Amino acid sequence: PSPKMKFTLALLFASAAAFKAPKQAALAVRGGGDAATNEIIMKVSAATATFGGALTVLDKADLVEKYIFFGLNPATSGAAYGVAMLGWGVGKINAVQSGADSIKRFAKLNLIPMACWVGTNLQNDAPMTENIFPAIFIALYSYIVWG
């Protein structure tokens, strides 16, 4: 396989490892993963997906690209894509409303599509700047999961 395919597979395996990973004492010592911080992270993530989806449904993908993706990622237009983003946002809202354990479970599962996002970018030779936004959320979700 190509180097990009190997990297993509490594990301997927790392995401899958989140299902069995023990709590990391080092993160806990640094204060990582506390319930209040996790809730804030998930609320920001929910707002990003929900507002991005709503704007996309309203045919305002240019605003998503400019104000939500900060010009780092192109925003895909189309109602179906916007509805999918809204669904992702609703899942995050549900995690927040369901409490700390649900937030951790959602973050753990959400590492898979985030790794796929980066993997797809790499396979399609997208500019590396397009990986900054998903990488930030991968880091934040990892903080939630292993904190």
Side-chain angles (χ1 to χ4, degrees), residues 5-61 63-124 126 128-147:
M5 178 60 83
K6 288 178 185 177
F7 184 75
T8 301
L9 291 172
L11 282 174
L12 288 172
F13 287 128
S15 296
F19 293 110
K20 296 182 181 177
K23 182 173 180 150
Q24 299 294 319
L27 284 177
V29 168
R30 288 183 256 171
D34 64 279
T37 303
N38 293 351
E39 184 175 329
I40 291 168
I41 291 168
M42 193 58 67
K43 283 180 177 179
V44 169
S45 183
T48 301
T50 304
F51 290 127
L55 287 169
T56 302
V57 167
L58 296 171
D59 200 26
K60 300 290 183 189
L63 296 178
V64 174
E65 187 172 328
K66 184 175 181 180
Y67 296 111
I68 294 179
F69 292 158
F70 305 110
L72 298 171
N73 295 48
T76 305
S77 60
Y81 181 75
V83 170
M85 282 183 66
L86 277 171
W88 202 1
V90 167
K92 294 173 187 198
I93 291 168
N94 182 62
V96 169
Q97 290 176 339
S98 298
D101 289 338
S102 184
I103 290 171
K104 280 194 176 227
R105 283 192 304 273
F106 188 93
K108 185 185 293 186
L109 289 170
N110 210 43
L111 284 168
I112 296 168
M114 298 308 289
C116 289
W117 185 356
V118 172
T120 300
N121 285 346
L122 293 173
Q123 283 182 319
N124 294 332
M128 288 307 290
T129 56
E130 290 188 26
N131 293 315
I132 294 171
F133 194 75
I136 289 169
F137 279 101
I138 288 170
L140 291 170
Y141 293 150
S142 295
Y143 176 84
I144 291 171
V145 172
W146 290 293

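In this text, all values refer to a predicted model and were calculated from it rather than measured experimentally.
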Derivation and outcome, side-chain contact (heavy atoms from CB on, under 4.5 Å), residues Ile132 and Phe70: CA-CA 10 Å; Ile132 294 171; Phe70 305 110; over 6 Å; no
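To the nearest 0.5 Å, atom NZ of residue Lys66 and atom CG of residue Leu72 are 14.0 Å apart. Remark: Lys104 NZ to Ile144 CD1 distance equals 8.5 Å, nearest 0.5 Å. For the atom pair CG of Asp101 and CZ of Phe106, the computed distance is 15.5 Å after rounding to the nearest 0.5 Å. One finds the OG atom of Ser98 at 11.0 Å from the CE atom of Met42 (value rounded to the nearest 0.5 Å). To the nearest 0.5 Å, atom CD1 of residue Ile40 and atom OG1 of residue Thr37 are 5.5 Å apart. Rounding to the nearest 0.5 Å places CD1 of Ile68 at 6.5 Å from OG1 of Thr48.
Residue Val64 comes nearest to Gly52 through the heavy atom pair CG2-O, 3.5 Å, listed as atom of the first residue, atom of the second, then distance. Listed here is the closest heavy atom pair of Leu111 and Ile138: CD2-O, 3.7 Å.
Screening residues 50-61 for side chain to side chain donor-acceptor pair (under 3.5 Å) gives no qualifying pairs among residues at least two apart or on separate chains.
Evaluation of the side chain to side chain donor-acceptor pair (under 3.5 Å) rule for Lys43 yields Glu39 as partners, not counting sequence neighbours. Residues that satisfy the side-chain contact (heavy atoms from CB on, under 4.5 Å) test with Leu140, not counting sequence neighbours, are Ile41, Ile136, Phe137. Residues satisfying the side-chain contact (heavy atoms from CB on, under 4.5 Å) criterion with Glu130, sequence neighbours excluded, are Asn73, Pro74, Asn121, Ala126, Pro127.
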Which donor-acceptor pairs under 3.5 Å do side chains of residues 77-96 form with protein atoms, sequence neighbours excluded?
residue	atom	partner	partner atom	Å
Trp88	NE1	Asn110	OD1	2.7
Lys92	NZ	Ser45	OG	2.6
Lys92	NZ	Tyr141	OH	3.0

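By the neighbour-count criterion of 12 heavy atoms within 6.0 Å, atom CZ of Phe133 is densely surrounded, having more than that number from other residues, nucleotides or ligands.
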